[in-house]
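So that the names make sense, note that chain A is the first sequence line, chain B the second, and so on, each numbered from 1. Predicted model, so just to flag it, every value in this text is computed and none were measured.
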Amino acid sequence: MLIGELSRRTGVSTRLLRYYEEQGLLAAGRDPNGYRRYGDGSVVTVRKIRVLLEAGLSTEVIRQVLPCTKDDGPEFDWCSGIRDILDRELAVIDDRIEGLQRNRGAIAGFLTRPGEH
DNA sequence: TTTCTTACA
DNA sequence: TGTAAGTA
């Protein structure tokens, strides 16, 4: 199928589909006229990419993790060092949460202080 | 009409 | 990401 059909079947814009390819997430063949040609598997690949993206993973992490996903559900077939990569992601998220909690505490403090208005 | 690349908002 | 331009 061409990019337009893949776009309709996945709900992802052609712009993004080309971007995914540029990021090494989605493979595409080429027709003699230069048009990208996709196989049926591309539909599930795009769905997996979306799930992973919604988990907040960067395209770089997805590139490493995608080849180790199972055909059906987006999730994994624990090969290579996927666990380490994902564990590291969890750690950076925890760090962000800590920082946000500090921000929250500071702002909440401003609100509990009697205003001079 | 659809797709392609490049580039700007 | 959307969109414009100029093609094939």
Taking [atom1] from [X] and [atom2] from [N], how many angstroms apart are they, rounded to a whole number?
{"X": "A:Arg30", "N": "B:dT3", "atom1": "CZ", "atom2": "C1'", "answer": "10 Å"}
{"X": "A:Glu22", "N": "B:dT5", "atom1": "CD", "atom2": "P", "answer": "10 Å"}
{"X": "A:Leu6", "N": "B:dT2", "atom1": "CG", "atom2": "C1'", "answer": "15 Å"}
{"X": "A:Arg18", "N": "C:dT3", "atom1": "CZ", "atom2": "C1'", "answer": "12 Å"}
{"X": "A:Asp31", "N": "B:dT2", "atom1": "CG", "atom2": "P", "answer": "16 Å"}
{"X": "A:Tyr19", "N": "B:dC4", "atom1": "OH", "atom2": "P", "answer": "18 Å"}
{"X": "A:Glu5", "N": "B:dT2", "atom1": "CD", "atom2": "C1'", "answer": "13 Å"}
{"X": "A:Arg8", "N": "B:dT2", "atom1": "CZ", "atom2": "C1'", "answer": "10 Å"}

With distance as the sole criterion, do the side chain of A:Arg15 and the base of C:dT3 form a donor-acceptor contact below 3.5 Å? yes

Mark yes or no for a side-chain to base donor-acceptor pair under 3.5 Å between A:Tyr35 and B:dT2, with no hydrogen or angle criteria applied. yes

Side-chain heavy atoms nearer than 4.5 Å, only ILVMFWY residues, links allowed to pass through others: does that put [X] and [Y] together?
{"X": "A:Val61", "Y": "A:Val46", "answer": "yes"}
{"X": "A:Val51", "Y": "A:Ile85", "answer": "no"}
{"X": "A:Val44", "Y": "A:Leu6", "answer": "no"}

Could you report the tightest heavy-atom contact between A:Tyr38 and A:Leu26, atom names first, then the distance? CE2-CD2, 3.8 Å

Counterpart base for C:dA8, defined by Watson-Crick or G-U wobble contacts under 3.5 Å: B:dT2

Indicate whether OP1 or OP2 belonging to C:dG2 is found under 4.0 Å from a side-chain N or O atom of A:Ser13. yes

Side-chain N or O of A:Arg36 versus OP1/OP2 of B:dT3: is the shortest distance under 4.0 Å? no

